[in-house]
Student: 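Have a look at this one before I ask anything.
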Amino acid sequence: MGFKYLKDAVTLKLDTDKCIGCGMCEIVCPHSVFLIKNNIAVLTDRDKCMECGACSMNCPVSAITVRKGVGCAYAVLMGMFKEDGCGGGPSCGGSGCC
Amino acid sequence: MDILGAWKTRWGIGRMTYTINPGLYSVGCPDQYSPVLVTSNYKLTVDKVRKNLSGRNLWVLVLDTKGINVWCAAGKGTFGTEELIARIDQEGLKEKVVHRELILPQLGATGVSAHEIKKRSGFKVEYGPVRAENIPYFLDNGKRLNPSMREVSFPLFDRLVLTPVEIVIAMDLMLRVFGVMAILSALGILPVERADYLGLIGAVITGTFLSPLLLPWIPGRAFSFKGMLTGLIWAVSYILFLYSKGYTGSLQLFSYLLILPSLSAFFSMNFTGSSTYTSLSGVEKEIKTALPIILAALVAGILTRIISLF
Ligand code: SF4
Ligand code: SF4
């Protein structure tokens, strides 16, 4: 079953001019967001991206940018109420997530 | 909000006993040509990897991820480029094997940069399957996988086992609310009824259990919206039930229509953290839209209920 979260919310960007078609993004993405077509990476469905950052970490030519983060409402809410900002964006610990 | 802290500690304490020492382990009788698998030092992960490798000869390089599983550790960076490079040196891996290839779990890719590893250590990183049970397939098929073995799914069973944590966290909060309600009632300030408690418990269950379970079949994409729908169904059923039992206070019944769906929406929204496909940007967007509505409906509902008591 293909789960999909909100429409047009993610920060994922692919610069096809830089892409050398190595296929790494297609391998690491846990939601099959990338496909290599004619030796170049294309986005199948951006809305399936969960911003895990695996693709941008492993693109050898930095053709992919994405703001890496954990999609956890608890963490985001905590970040809103707690101002001490221990750095490094929201991280979780509440429910089943990390 | 020390609920979270308490949970962290509880998890933390449990976690220590589930740690194994980082280092290079052998499965069977590996030699200098045997493949090297990399994993976290979360004991359950190592056990799973070992179980799926029985009868083979391999090296398993266990990184120090503080006993956290690969996915979470990679997100935090402990299953990461630096740790892997340091561990390769420390274990003298270059002397143990003649090849220069490492097999990493795909979910570790979030913390590891394959080309960095190659550049700095000479080892080529191959990403294996998401689930350990597919490692044999990967090894036996020239390090190729079916696309489905590269995908993270979120099946019914996985959602089911995650719900108890959600229920406990939600009830932790609700018991405080119930405490306040009981005190107000005992002091004669607000005559809270049993129907109030039951309605709220029902909303916790729809939000933390029903919504996660029925996730793919509930319309909408936002978790709060899904939770609002299940909560609405509960509210309407409960109101009809109370009505049939002789409750006729329309203000009271109307207040449930506001309170129960918003509570259910809130708890469903918190399931985003347990899900395997929500993004940070998406969650921020959802909270920005849903939270004001939830709070407004909740306040309006509580006020309505208080007015109905007089
Ligand atoms: S951030 Fe993660 S989910 Fe999104 S496209 Fe990259 S690898 Fe896929
Ligand atoms: S990892 Fe980068 S270079 Fe390789 S195919 Fe993907 S976008 Fe292109």
Side-chain angles (χ1 to χ4, degrees), chain A residues 1-12 22 24-35 46-62 66-82 88-98, chain B residues 1 3-5 7-8 11 68-69 71-76 81 106-116 125 127 130 145 147 150-155 161-163 165-166 169 215-216 221-224 269-287 291:
Chain A
M1 187 134 4
F3 285 99
K4 221 187 279 183
Y5 195 38
L6 306 189
K7 218 173 154 64
D8 266 334
V10 293
T11 52
L12 179 71
C22 72
M24 218 44 185
C25 51
E26 189 186 27
I27 288 175
V28 297
C29 179
H31 291 293
S32 312
V33 173
F34 294 94
L35 202 71
R46 254 179 107 242
D47 292 344
K48 286 205 285 186
C49 171
M50 66 178 301
E51 300 186 326
C52 71
C55 53
S56 67
M57 273 294 268
N58 285 279
C59 174
V61 292
S62 311
V66 63
R67 183 181 61 142
K68 179 176 162 177
V70 182
C72 171
Y74 255 120
V76 175
L77 288 173
M78 291 301 143
M80 280 165 59
F81 295 126
K82 207 170 54 180
S91 79
C92 207
S95 42
C97 78
C98 306
Chain B
M1 294 291 268
I3 314 158
L4 201 67
W7 259 100
K8 265 184 181 165
W11 273 108
I68 298 171
N69 68 50
W71 171 249
C72 295
K76 290 174 166 57
T81 307
Q106 187 193 324
L107 292 186
T110 297
V112 171
S113 172
H115 51 277
E116 268 301 293
V125 169
Y127 287 110
V130 167
L145 289 168
R150 294 228 170 267
E151 283 206 36
V152 171
S153 52
F154 201 27
V161 299
L162 286 165
T163 54
V165 182
E166 302 290 326
I169 291 178
L215 203 62
R221 288 196 185 179
F223 282 44
S224 49
M269 192 166 75
N270 285 327
F271 194 64
T272 48
S274 298
S275 83
T276 56
Y277 68 99
T278 53
S279 60
L280 173 59
S281 300
V283 167
E284 283 176 348
K285 189 175 168 186
E286 167 157 7
I287 288 179
L291 199 61

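Letters A, B, ... mirror the listed sequences (proteins, then strands); counts begin at 1.
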Student: Of all heavy-atom pairs between Ala9(A) and Gly282(B), which one has the smallest distance, and what is that distance?
Tutor: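 Heavy atoms only, the tightest pair is CB-CA, 3.8 Å.
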
Student: Using non-hydrogen atoms and a 4.5 Å limit, figure out which bit of Thr163(B) sits close to chain A: side chain, backbone, both or neither.
Tutor: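 For Thr163(B), there is no contact with chain A at all, as no heavy atom is under 4.5 Å.
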
Student: By a 4.5 Å heavy-atom criterion (distance strictly below it), what part of Cys59(A) contacts chain B: side chain, backbone, both, or neither?
Tutor: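 Answer is backbone: N, CA, C or O of Cys59(A) sit under 4.5 Å from chain B.
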
Student: Given a strict heavy-atom distance threshold of 4.5 Å, which part of Glu286(B) is in contact with chain A: side chain, backbone, both, or neither?
Tutor: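 For Glu286(B), the contact with chain A is made by backbone and side chain together.
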
Student: Checking His31(A) side chain against Thr276(B) main chain: does a donor-acceptor pair fall under 3.5 Å?
Tutor: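 Yes, His31(A) side chain to Thr276(B) backbone: donor-acceptor pair under 3.5 Å.
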
Student: Could you walk me through whether Leu291(B) and Leu77(A) satisfy the side chain to side chain contact (heavy atoms under 4.5 Å, CB included) test, starting with their C-alpha distance in whole Å, then the side-chain angles of each, then the deciding distance to 0.1 Å, before giving a yes or no?
Tutor: CA-CA 10 Å; Leu291(B) 199 61; Leu77(A) 288 173; 3.8 Å; yes

Student: What part of Cys22(A) gets closer than 4.5 Å to chain B, counting heavy atoms only: side chain, backbone, both or neither?
Tutor: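 For Cys22(A), there is no contact with chain B at all, as no heavy atom is under 4.5 Å.
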
Student: Which atoms form the tightest heavy-atom contact between Cys49(A) and Ser279(B), and what is the distance?
Tutor: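 Where Cys49(A) meets Ser279(B) most closely, the heavy atoms are O-CB, 3.8 Å.
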
Student: Got a second to check how far Thr110(B)'s OG1 is from Met57(A)'s CE, nearest 0.5 Å?
Tutor: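 If I round to the nearest 0.5 Å, the distance is 8.0 Å.
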
Student: Grab the two heavy atoms, one from Ser281(B) and one from Glu51(A), that are nearest each other, plus how far apart they are.
Tutor: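 In this case the closest contact between Ser281(B) and Glu51(A) is OG-OE2, 2.7 Å.
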
Student: To check you understand the geometry: which heavy-atom pair defines the closest contact between Lys68(A) and Ala74(B), and what is its length?
Tutor: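 Smallest interatomic distance, heavy atoms only, reads NZ-O, 3.7 Å.
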
Student: Using a 4.5 Å cut-off on heavy atoms from C-beta on, say whether the side chain of Leu280(B) contacts that of Thr11(A).
Tutor: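 SC-SC contact between Thr11(A) and Leu280(B) ruled out.
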
Student: Test Lys48(A) against Glu151(B) for salt bridge (Lys or Arg N to Asp or Glu O under 4.0 Å), laying out the working first.
Tutor: CA-CA 11 Å; Lys48(A) 286 205 285 186; Glu151(B) 283 206 36; 5.4 Å; no

Student: Would you compute the distance between atom CD1 of Ile169(B) and atom OH of Tyr74(A) and round it to the nearest 0.5 angstrom?
Tutor: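 Taking CD1 in Ile169(B) and OH in Tyr74(A), the distance rounds to 4.5 Å.
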
Student: List for me each residue that meets ring-ring contact (aromatic ring centres under 6.0 Å, His included) alongside Tyr5(A), sequence neighbours excluded, and say none if there are none.
Tutor: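 Only Phe223(B) meet the ring-ring contact (aromatic ring centres under 6.0 Å, His included) criterion with Tyr5(A).
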
Student: Is Val112(B) close to chain A through its backbone or its side chain, or both, or neither, when contacts mean heavy atoms under 4.5 Å?
Tutor: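 Contact with chain A: backbone only.
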
Student: Heavy-atom distance under 4.5 Å between the side chains of Arg150(B) and Ile27(A), does that happen here?
Tutor: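 Sidechains of Ile27(A) and Arg150(B): in contact.
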
Student: Should Val125(B) and Asn58(A) count as side-chain neighbours, where that means a heavy-atom distance under 4.5 Å?
Tutor: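 No; the side chains remain at least 4.5 Å from each other.
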
Student: Quick one: what part of Cys52(A) sits under 4.5 Å from any heavy atom of chain B, side chain, backbone, both or neither?
Tutor: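 Its backbone and side chain both get close to chain B.
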
Student: Under the 3.5 angstrom rule, does the side chain of Lys285(B) hit a backbone N or O of Val10(A) as a donor-acceptor pair?
Tutor: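 A pair under 3.5 Å: no.
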
Student: With sequence neighbours left out, what residues match Lys4(A) under salt bridge (Lys or Arg N to Asp or Glu O under 4.0 Å)?
Tutor: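 Listed in chain order: Asp45(A).
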
Student: For the residue pair Arg221(B) and Asp47(A), establish whether any side-chain heavy-atom pair is separated by less than 4.5 Å.
Tutor: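 In contact.
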
Student: With chain B, which of Met50(A), Lys7(A), Met24(A) has the greatest number of heavy-atom pairs at distances under 4.5 Å?
Tutor: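 Greatest number of close heavy-atom pairs with chain B: Met50(A).
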
Student: Which atoms form the tightest heavy-atom contact between Ala73(A) and Ile287(B), and what is the distance?
Tutor: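 Distance-wise, the nearest heavy atoms are O-CD1, 3.9 Å.
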
